[in-house]
Amino acid sequence: MLLAYRMAMESPLVEAEGVDAMEFGELSDKYGVSGVPHTAINLGANHVVGAAPEDMLVAEIKKALEN
Amino acid sequence: MENMLNEDIRKQVREMFAEIDQPVEVLFFGTEDEASCQYCKETGQLLEEVTSLSDKLSLKQYDLEKDGAVASQYKVDAAPTFVLAGRDGDSVTDYAVRFKGIPAGHEFSTLVNALVIVSKRDSGLSDKTRQFLGELKKPVKLEVFATPT
């Protein structure tokens with residue numbers, strides 16, 4: 001989550017929202033969250049399951065933008 | 001209500017807040033309707049207690065419905081949600097750093113760290129990542145799901 005926050009700090013085009021998966025169960029279900037952390041990129045254009053190092057999250061954001 | 005943070009935790013958080021650089025404003029959006037927001041009251045109180053541990057932190061509390069214009073300005077669509085923004089005198093800078101839910105357990109330490117990161121006004125990311133983000137043409141929304149344990 002902190003990595004997403006750092007990205008939002010860096011770019012005015014990046015929004016980062018941490019979500020408590022228990023409290024927002026409906027939203028979690030919508031994205032098929034079954035394990036945490038789970039990062040949904042651009043409303044589900046791509047997903048990262050598990051803790052992602054910086055390079056990996058960048059790569060997955062690139063993929064989401066290509067879709 | 002009793003304090004949510006005990007003296008040990010307050011002490012630890014104060015130590016971490018020694019790193020706080022510039023002021024951070026926490027904007028909390030709750031709702032009075034307890035039926036639709038089970039943890040709003042607790043989240044508000046927790047944020048009050050946390051922001052009281054550094055004079056560089058401030059808290060503004062809003063109602064999701066009554067203050068709908070402020071909520072939509074900060075892209076807040078549910079309660080409880082809070083926004084961590086930079087404050088410089090009267091001006092508030094929105095970095096689009098938000099959290100939906102009560103920051104309990106593991107998420108509490110994330111909150112403390114996030115406050116320190118926002119206070120530094122610097123992402124701390126690698127040059128490579130900064131370059132990639134600097135060249136973005138389209139918006140990117142990251143929703144990171146977590147649990148307290």
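Proteins come first, then strands; the chains are lettered A, B, ... in the order of their sequence lines, and each starts at number 1.
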Check: How far apart are the C-alpha atoms of K137(B) and L65(A), what are their side-chain angles, what is the distance that settles it, and do they pass the side-chain contact (heavy atoms from CB on, under 4.5 Å) test?
Finding: CA-CA 10 Å; K137(B) 299 278 184 288; L65(A) 292 173; over 6 Å; no
Next item on the list: Please determine, among G18(A), A8(A), G44(A), the option with the most heavy-atom pairs under 4.5 Å with chain B.
Entry: G18(A)
Note to self: Tell me whether Y95(B) contacts the main-chain N or O of S11(A) through its side chain, where contact means a donor paired with an acceptor under 3.5 Å.
What the structure shows: no
Notebook entry, point to check: Between OG of S123(B) and CG of L3(A), what distance do you get to the nearest 0.5 Å?
Noted result: 9.5 Å
Notebook entry, point to check: Of all of K128(B), E107(B), R121(B), K100(B), which one pairs up most often with chain A through heavy atoms under 4.5 Å apart?
Noted result: K100(B)
Item checked: P139(B) backbone acceptor or donor facing N42(A) side chain under 3.5 Å -> yes
Checklist line | E15(A) side, atom CD; K141(B) side, atom NZ - distance, nearest 0.5 Å | finding: 5.0 Å
Next item on the list: State the CE-CG distance between M9(A) and L125(B), to the nearest 0.5 angstrom.
Entry: 10.0 Å
Next item on the list: Tell me, out of V144(B), T147(B), D122(B), who's got the most heavy-atom pairs with chain A below 4.5 Å.
Entry: V144(B)
Checklist line | Non-hydrogen side-chain atoms of F132(B) and I61(A) separated by less than 4.5 Å | finding: yes
Notebook entry, point to check: In terms of heavy-atom pairs under 4.5 Å, which option from G124(B), S126(B), G134(B) contacts chain A the most?
Noted result: S126(B)
Notebook entry, point to check: So, E143(B) versus Y31(A): side-chain donor-acceptor pair below 3.5 Å or not?
Noted result: yes
Margin query: Using heavy-atom distances under 4.5 Å, tell me whether P80(B) contacts chain A through its side chain, its backbone, both, or neither.
Written below: both
Check: Relative to chain A, which of Q38(B), K120(B), K75(B) shows the most heavy atom pairs under 4.5 Å?
Finding: K75(B)
Item checked: residues 48-56 of chain A: residues contacting chain B (heavy atom under 4.5 Å, by number) -> E54(A), D55(A)
Check: Distance from T43(B) atom OG1 to E23(A) atom CD, nearest 0.5 Å?
Finding: 6.0 Å
